[in-house]
Asker: 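Sharing a structure below in structure tokens format, with a few things to ask.
Below, read A as the first sequence line, B as the second, and so on, with proteins coming before strands; counting in each chain starts at 1. What's counted below: heavy atoms across the whole structure, side chains too, no hydrogens, waters or symmetry copies.
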Number of protein chains: 2
Amino acid sequence: MLKTYSISEVAKELNLTVYTLRYYDKEGLMPFVERKPSGTRLFKESDIEALKVIECLKSTGMPIKEIKVFIDWCSDGDFTLQQRYDMFVERKAVVEAQLEELNKTMELINHKCQYYKTALDAGTEDIHKNNKIGSF
Amino acid sequence: MLKTYSISEVAKELNLTVYTLRYYDKEGLMPFVERKPSGTRLFKESDIEALKVIECLKSTGMPIKEIKVFIDWCSDGDFTLQQRYDMFVERKAVVEAQLEELNKTMELINHKCQYYKTALDAGTEDIHKNNKIGSF
DNA sequence: TTAATCCTTAGAGTTAACTCGAGGTCAAGC
DNA sequence: GCTTGACCTCGAGTTAACTCTAAGGATTAA
């Protein structure tokens, strides 16, 4: 017999709330989770892995409705393999763009750290007044 | 005389809508933008730079209300230099964490690209059935 | 001078993703 | 048998960040 987990155990493991997990279920992201006759959800190890993939997609900015489309493809069998592959290739491009964006952000933040360090040492922001760049 | 820009010019430049810019103004993010006697906003080059900083902070996930606190500090003068410096140092840590997270995401996405490429070549997902990892 | 194209304001509507409360079920321990 | 605590559903409420509408004023081009 495979070990199963309760919704609160899964919530703790994935750093989500039970509310959020039930919300995901309501939105159709967890059709694979089985139930006791009483209705209580029984999460298998593989369900937790699936939820990690869902979290991964979410962290790329994919809306829940689109994630549901992917989950539906998973239930639909092999003839959706191409769509699923294409989806991940597209996600890869998205994440690459996000990484680039985030690196630019980091550059500006670093610049501002420098800017304020200099100003702080001088005791005034005026130290940057004659500088065409970075005054704000 | 310094060249000024209309709200729609700025919107185009920053890839925002005029609605969004007016919303930011309403939320207090743009106290520095001057007006014609008729009320029309006149954006200076430095205002656009300031908006780029705002966009940068926003892209780190900072909520608009917190950005407003920073903007207020900027108006308050040199005695808020320490706070502003601390804020950027903290943002730097946030962005570093985001980069780490995004790199993990990229790893999983790459793994899934591989997974589906293999499945696609085999014509079936069953190829991964005996594989403890990655079945979904 | 008249129309088009900006701009203004206040405030209502939208969307996504939760977040929670009410009311009920179920299983374990005293 | 009764209490406790964790589970369930349904549906309403919340929040952030827009997004837009309505009503009207200013500016420009033919």
Asker: For a salt bridge (Lys or Arg N to Asp or Glu O under 4.0 Å) check, start with the C-alpha distance between B:Lys129 and B:Asp126, then their side-chain angles and the critical distance, and finish with the verdict.
Answerer: CA-CA 5 Å; B:Lys129 270 285 159 60; B:Asp126 294 347; 3.3 Å; yes

Asker: Figure out the CZ/C1' separation between B:Arg41 and C:dC6, and round it to whole Å.
Answerer: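 Going from CZ in B:Arg41 over to C1' in C:dC6 covers 13 Å.
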
Asker: Specify the residues of residues 4-15 of chain A, ordered by number, for which at least one heavy atom lies under 4.0 angstrom from an atom of DNA chain D.
Answerer: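 The answer is A:Ser6, A:Ile7, A:Ser8.
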
Asker: Rounded to the nearest Å, what distance is computed from the CG atom of residue A:Leu21 to the P atom of nucleotide C:dT19?
Answerer: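 Between P of C:dT19 and CG of A:Leu21: 12 Å.
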
Asker: Under the salt bridge (Lys or Arg N to Asp or Glu O under 4.0 Å) criterion, do A:Lys12 and A:Glu9 qualify, and how do the steps go?
Answerer: CA-CA 5 Å; A:Lys12 186 176 267 184; A:Glu9 287 172 320; over 6 Å; no

Asker: Give the cluster check for A:Leu42 versus A:Tyr5: same hydrophobic cluster or not, with ILVMFWY residues linked at side-chain heavy-atom distances below 4.5 Å.
Answerer: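 As far as the 4.5 Å side-chain criterion goes, A:Tyr5 and A:Leu42 are not connected within one cluster.
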
Asker: Which word best sums up how the rings of B:Tyr115 and B:His128 line up, parallel for under 30°, tilted for 30 to 60°, or perpendicular for over 60°?
Answerer: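 It falls in the parallel class, under 30°.
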
Asker: Can you pull out every salt bridge (charged side-chain N to carboxylate O under 4.0 Å, His left out) where at least one residue sits in residues 59-71 of chain B? Sequence neighbours excluded, please.
Answerer: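 Listed by first then second residue: B:Lys68-B:Asp72.
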
Asker: Taking CZ from B:Phe43 and C1' from C:dC6, how many angstroms apart are they, rounded to a whole number?
Answerer: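 From B:Phe43 CZ to C:dC6 C1': 14 Å.
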
Asker: List, one per line, each side-chain donor-acceptor pair under 3.5 Å for residues 87-97 of chain A, sequence neighbours excluded.
Answerer:
from, atom 1, to, atom 2, distance (Å)
A:Arg91, NH1, A:Thr60, O, 3.4
A:Arg91, NH1, A:Thr60, OG1, 2.9
A:Lys92, NZ, B:Asn110, OD1, 2.6

Asker: Which residue, A:Lys36 or B:Arg22, contacts DNA chain C at a nucleotide closer to its 5' end, judged by nearest heavy atom?
Answerer: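 Whichever sits nearer the 5' end wins; that is B:Arg22.
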
Asker: Within the structure provided, determine whether B:Glu55 and B:Tyr24 are in side-chain contact (heavy-atom separation under 4.5 Å).
Answerer: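 The answer is yes; the side chains approach within 4.5 Å.
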
Asker: Mind listing the N/O atom pairs, protein and nucleotides 16-22 of chain D, below 3.5 Å?
Answerer:
from, atom 1, to, atom 2, distance (Å)
D:dA17, OP2, B:Ile64, N, 3.3
D:dC18, OP2, B:Tyr24, OH, 3.0

Asker: Checking A:Thr118 side chain against A:Gln114 main chain: does a donor-acceptor pair fall under 3.5 Å?
Answerer: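 A pair under 3.5 Å: yes.
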
Asker: Can you tell me which residue pairs pass the ring-ring contact (aromatic ring centres under 6.0 Å, His included) test with a partner in residues 35-59 of chain B, sequence neighbours excluded?
Answerer: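 Pairs touching residues 35-59 of chain B that pass the test: none.
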
Asker: Below 3.5 Å is the cut-off: list the nitrogen or oxygen pairs between protein and nucleotides 24-26 of chain D, distance only.
Answerer:
none

Asker: Give the minimum heavy-atom separation between B:Ser59 and A:Thr105, together with the two atoms involved.
Answerer: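 Closest pair (atom of B:Ser59, atom of A:Thr105, distance): OG-OG1, 3.0 Å.
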
